[in-house]
Amino acid sequence: LWLLFSPNAALSLSPEPILPESLRWGGPPNLPKLQGAWVVGADQAPGNYILRVKLAAGGKIPPHTHPDERNTTVLSGIIYVGFGEHFDESQVVSVPAGAVYVAPANVPHYIWAKEGPAMYQEAGTGPTKTAFIEP
């Protein structure tokens, strides 16, 4: 059994990076300032996933929920996040590059790239989906 964890066995492994240029971006037609790309996993696949999101300057993602908890890391720019069923600009919290916030499962939230373009990455456990809250 110890042979499975020997240093020589570990040397035969090599990482397989997922490069940014290999990501396939797309977005919903009704939200033209939003683009997303699955980095690891997929929305209907069981297990861990990573979703990368680009939001153009001024872009807003209306109130929505996910069935799983999502941990979000801002990669560039600043996003403004609020919790609730209605988009309320006075209730958003600034989340700058390098910071993380957690969106609990089934809690309505909304996102805004108020001051310029932003990119962030969400991690969770699927299957997952996005359910927008109708006005």
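These figures come from a predicted structure and were not determined experimentally. Any value given below was found using the heavy atoms of this structure, including those in side chains, with hydrogens, waters and symmetry copies removed.
Taken from OG1 in Thr130 to CD1 in Ile61, the straight-line distance is 8.5 Å, to the nearest 0.5 Å. Atom CD of residue Glu122 and atom OG1 of residue Thr72 lie 4.0 Å apart, to the nearest 0.5 angstrom. Rounding to the nearest 0.5 angstrom, the gap separating the NZ atom in Lys114 from the OG atom in Ser94 is 8.5 Å. Atom NZ in Lys60 sits 11.0 Å away from atom CG in Leu55 (nearest 0.5 Å).
With contacts defined as side-chain heavy-atom distances shorter than 4.5 Å, the pair Pro104/Phe83 qualifies. Side chains of Lys54 and Tyr120 form no contact here, defined as non-hydrogen atoms less than 4.5 Å apart. Annotation: side chain of Leu34 is in contact with side chain of Val53 (closest heavy-atom distance under 4.5 Å).
Shortest non-hydrogen contact noted between Ile133 and Thr65 is CD1-CG2, 4.3 Å. Here the closest heavy-atom approach between residue Ile79 and residue Ala118 is recorded as CG2-CB, 3.5 Å. Contact record, Gly84 with Pro63: O-CB, 3.7 Å, taken as the closest heavy-atom pair. Considering all non-hydrogen atoms of both residues, Ala113 and Ala56 come closest at CB-O, 3.5 Å.
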Using residues 21-33 as the side-chain source, report each donor-acceptor pair under 3.5 Å to any protein atom, sequence neighbours left out, with the distance given to one decimal.
unit_1: Ser22; atom_1: OG; unit_2: Leu19; atom_2: O; d: 2.6
unit_1: Lys33; atom_1: NZ; unit_2: Ala57; atom_2: O; d: 3.0

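Considering only residues two or more places apart in sequence or on other chains, Thr128 meets the side-chain contact (heavy atoms from CB on, under 4.5 Å) condition with Trp38, Asp43, Tyr49, His66, Pro67, Asp68, Arg70. For Asn71, the side-chain contact (heavy atoms from CB on, under 4.5 Å) partners are Glu69, Val102, not counting sequence neighbours.
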- Task: Step by step, work out the side-chain contact (heavy atoms from CB on, under 4.5 Å) result for Ile78 and Val95.
- Result: CA-CA 6 Å; Ile78 300 171; Val95 185; 5.8 Å; no
- Task: Report the C-alpha separation of Tyr80 and Glu115 in whole Å, then their side-chain angles, then the decisive distance to 0.1 Å, and conclude whether the side-chain hydrogen bond (donor to acceptor under 3.5 Å, both in side chains) test is met.
- Result: CA-CA 9 Å; Tyr80 290 79; Glu115 298 172 349; 2.7 Å; yes
- Message: For Tyr110 and Val92: C-alpha separation, side-chain torsions, deciding distance, then whether side-chain contact (heavy atoms from CB on, under 4.5 Å) applies.
- Response: CA-CA 9 Å; Tyr110 46 91; Val92 296; 3.6 Å; yes
- Task: Any chance you could lay out the side-chain contact (heavy atoms from CB on, under 4.5 Å) test for His109 and Tyr101, step after step, and finish with the verdict?
- Result: CA-CA 12 Å; His109 58 286; Tyr101 81 91; 4.3 Å; yes
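Val107 and Phe132 fall within the same hydrophobic cluster, defined by Ile, Leu, Val, Met, Phe, Trp and Tyr side-chain heavy atoms under 4.5 Å apart, directly or through other members.
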